[in-house]
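A quick note: this is a predicted structure, and the numbers were derived from the prediction, not measured. Atoms within each ligand, like the ligands themselves, are counted from 1 in listed order. Values reported hereafter were calculated over all heavy atoms of this structure, with side chains retained and with hydrogens, waters and symmetry mates removed.
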Amino acid sequence: MADLDDIRDGREYGVGVAQRTDGFFLKGSNNLDWGMKDRLSRIFNPATGRTVMLAFDHGFIMGPTSGVERIDLNIVPLIEYADCLMCARGVLRALVPPTCRKPVCLRSDAGTSILTELNHNVVIDIQDAVKLNASAIAVMVSVGDAATEAETVANLYQAVDAGQASGIPVMGVTAVGKDMARDARYFGLASRLCAENGANIVKTYYTEGFEKVVACCPVPIVIAGGKKLPELEALDLAYRAIQSGASGVDMGRNVFQSEKPAAMIQAVGAVVHQGLKPA
Ligand code: 5RP
């Protein structure tokens, strides 16, 4: 029962003091709803505006590739060092401890594997992302691939509609079309296309001239690590991406295929959040 006696009149109205109305720290996100901003603030550290996402969704197209054979042994020990986890729902439910308190960017399209032709995908029901408390959903877009471009752009569109309705941001993941040059012109086009279709985050690849890719993309960009490189080269890749304006990394193989994955993800974190230059 609410107390009905001793209801005190308010006194501190701050009359004459303008209400503080902060802008939101992430590029292109100021006009989003509260739930979207809350979820984005779990993925991107508001203190730095950046994120280290740990990607281990590879099994959904590649099967048990090196470093993700045993998520419990290879990946779970790395979770504490990541800002966000990116994986598919089967692995999330089966192997990621719900007690880890990390935001999840849920891989939300599925279809073909490396054994056939990639990217003939459909999008999972947004209700499952809601049930899994996803902080974002990720959908692949294969710009420039005649066989799958239209259906993957449609997937993105559908994911954005569903994400908007539930307050869940969408990450557009640029898959490089088969005959595409991996240059700033291509990644600039692919990233912009994702953002124009409503992606709240874009994941793409670093290339020379990346500052132009970032400049013309109205939402934050994170870079994939790509194939395993020597550690110093992978850190340098992250450094150059951050210096060019990227808002973080979504890295997989260069972390979990490293000889020292825990040290590697912490080094990536120092590059991303502190701007340290690898040497
Ligand atoms: C593939 C993905 C992967 O998660 C992505 O490529 C990141 O992993 P890596 O750093 O190993 O490239 O989105 O669809």
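No side-chain heavy atom of Asn121 sits under 4.5 Å from any side-chain heavy atom of Val139. In this structure, the side chains of Ile221 and Phe210 come closer than 4.5 Å at one or more pairs of heavy atoms.
Scanning all heavy atoms of the two residues, the minimum distance from Ala234 to Asn254 falls at CB-OD1, 3.5 Å. A pairwise comparison of heavy atoms in Ala136 and Ile43 identifies CB-CD1, 3.6 Å as the closest pair.
In this structure, Glu208 pairs ionically with Arg240, as a charged nitrogen and a carboxylate oxygen lie closer than 4.0 Å.
The immediate protein surroundings of ligand 1, defined as residues with any heavy atom under 4.0 Å of it, consist of Ala55, Asp57, His58, Met86, Arg107, Met140, Val173, Lys203, Tyr205, Ala224, Gly225, Gly226, Asp250, Met251, Gly252, Arg253.
Relative ring orientation between Phe256 and His58 is described as perpendicular, the plane-to-plane angle rising above 60° on a 0-90° scale split at 30° and 60°.
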